[in-house]
Amino acid sequence: MELGTERSSHEESAEAYWRRRAFALTGVLATVGLVAWGCSGGGGNDKDRSIHNAAGLSTPTPVSTVSVPVATPTVTITATAKVTVRPSSPVRIGDACAPGDVVVNLDSKADAYRGKARPQFLISVVNTGKRPCTFGVGPKELELRVTSGPDRIWSSAHCARGDGSSIRLLKRGIPYAETVTWDRKRSANGCGGSRSLARPGTYVVAVKADHQRPKREVFRLRP
């Protein structure tokens with residue numbers, strides 16, 4: 001009876017031992033399954049990733065959002081200087097020509113005059129200024145004198161009509177020209193009475209004008 005009892009107790013102890021081992025193994029497997037399911041997150045992403053890897057396809061790279069800096073507009077400030085122009089004194093057309101704006105020339109039409117030929121002299125006046133202006137061109141303002149040495153033979157002012165004044169408007173660059181003829185006679189103030197003829201010889205004709213240097217020409221009277 002004691003031997004049977006010991007064998008029965010030993011067999012029960014071995015059966016209990018393996019039963020406990022089976023329960024413990026089942027618990028471990030259940031725990032591992034739960035952990036695997038939790039890590040897979042439902043199994044969707046890992047499953048897709050596993051399929052791509054098995055097919056030899058590359059896993060799509062997630063697109064990252066990049067912030068692009070926006071350029072700040074540059075504001076340029078330009079300073080404008082305000083210039084005040086003072087009006088100059090008004091210039092009126094018809095004012096007298098400035099002395100430096102007028103050029104007077106004289107030319108004898110021949111070097112020698114024979115017999116009864118009367119000498120002729122060409123006077124020209126040119127305005128070189130920037131505006132039209134007035135200038136006296138009569139015998140009073142532009143006097144022609146014929147001299148022989150110190151002797152004054154003839155003057156255009158002696159025989160001028162009226163007061164001998166003539167004012168003309170001169171435009172820029174357009175010359176005023178006039179031809180003056182000498183009758184080969186001597187003259188005096190008033191140009192009256194008997195007038196004698198000038199003798200053959202060498203003479204000098206000059207034009208005189210206010211604020212202008214005299215212009216001279218040499219000519220000869222032939223018999």
Side-chain angles (χ1 to χ4, degrees), residues 83 85-223:
V83 180
V85 180
R86 295 182 179 179
S88 57
S89 57
V91 177
R92 297 185 301 273
I93 296 176
D95 287 349
C97 298
D101 291 343
V102 178
V103 177
V104 179
N105 287 311
L106 172 66
D107 183 44
S108 176
K109 290 193 173 183
D111 294 333
Y113 301 90
R114 297 181 179 275
K116 295 182 179 180
R118 295 183 176 184
Q120 291 185 324
F121 312 112
L122 177 64
I123 302 174
S124 64
V125 183
V126 179
N127 171 24
T128 62
K130 296 181 179 180
R131 59 182 178 84
C133 57
T134 57
F135 189 79
V137 296
K140 180 179 180 180
E141 294 88 13
L142 291 178
E143 181 187 5
L144 277 179
R145 288 184 180 183
V146 175
T147 58
S148 177
D151 186 12
R152 185 173 66 176
I153 304 299
W154 176 80
S155 169
S156 61
H158 287 167
C159 302
R161 296 179 179 178
D163 61 358
S165 178
S166 178
I167 307 299
R168 296 294 180 93
L169 178 66
L170 302 180
K171 295 183 179 180
R172 175 183 172 85
I174 301 178
Y176 166 84
E178 181 182 5
T179 298
V180 178
T181 301
W182 177 36
D183 60 6
R184 297 180 67 145
K185 294 181 179 180
R186 299 177 70 95
S187 68
N189 290 332
C191 199
S194 178
R195 300 169 56 213
S196 59
L197 290 172
R199 297 178 180 181
T202 300
Y203 294 85
V204 176
V205 60
V207 59
K208 296 183 65 178
D210 291 341
H211 309 292
Q212 299 288 322
R213 296 184 61 180
K215 303 294 189 301
R216 294 182 173 84
E217 287 284 315
V218 177
F219 68 96
R220 293 175 178 80
L221 295 180
R222 301 296 188 187

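- Separating the CZ atom in R195 from the CZ atom in R184 is a distance of 13.0 Å, to the nearest 0.5 Å.
- Atoms CD1 and CH2, on I153 and W182 in that order, are 6.5 Å from each other to the nearest 0.5 Å.
- Using a 4.5 Å cut-off on side-chain heavy atoms (C-beta onward), R186 and D151 make contact.
- Looking only at side-chain heavy atoms (C-beta outward), D95 and R131 come within less than 4.5 Å of each other.
- Minimum interatomic distance between P119 and L221 (heavy atoms only, all atoms of both residues): CG-CD2, 3.7 Å.
- For the pair S108 and Y113, the minimum side-chain heavy-atom distance is below 4.5 Å.
- Nearest heavy atom pair, residue L142 against residue V137, reads CD1-CA, 3.7 Å.
- To the nearest 0.5 Å, atoms NE2 (H158) and CG (N189) are separated by 4.0 Å.
- Pairs of residues two or more places apart, or lying in two chains, never qualify as salt bridge (charged side-chain N to carboxylate O under 4.0 Å, His left out) while including a residue from residues 152-168.
- Here the options are V103, L106, V205, the test is side-chain contact (heavy atoms from CB on, under 4.5 Å), and the partner is K215; only L106 passes.
- In the displayed structure, K208 atom NZ is contacted under 6.0 Å by at most 12 heavy atoms of other residues, nucleotides or ligands.
- In this pair, Y203 and F219 present their aromatic rings parallel. The plane angle is below 30°, not in the 30 to 60° band.
- One distance of note links SG of C133 with NZ of K171; it measures 12.5 Å at 0.5 Å rounding.
- For the pair S156/V207, no side-chain contact is recorded, criterion being any heavy-atom separation below 4.5 Å from C-beta on.
- Looking only at side-chain heavy atoms (C-beta outward), N127 and F135 stay at 4.5 Å or farther from each other.
- Sorted pairs that involve residues 99-121 and meet salt bridge (charged side-chain N to carboxylate O under 4.0 Å, His left out), not counting sequence neighbours, are lacking altogether.
- Closest approach of T134 to A96, counting heavy atoms only: OG1-CA, 3.4 Å.
- Contact detail for L122 and A177: the closest heavy-atom pair is CD1-CB, 4.2 Å.
- In terms of heavy atoms, L169 sits closest to P132 at CD1-CB, 4.0 Å.
- Among all heavy-atom pairs drawn from S165 and E141, the shortest one is OG-OE2, 2.5 Å.
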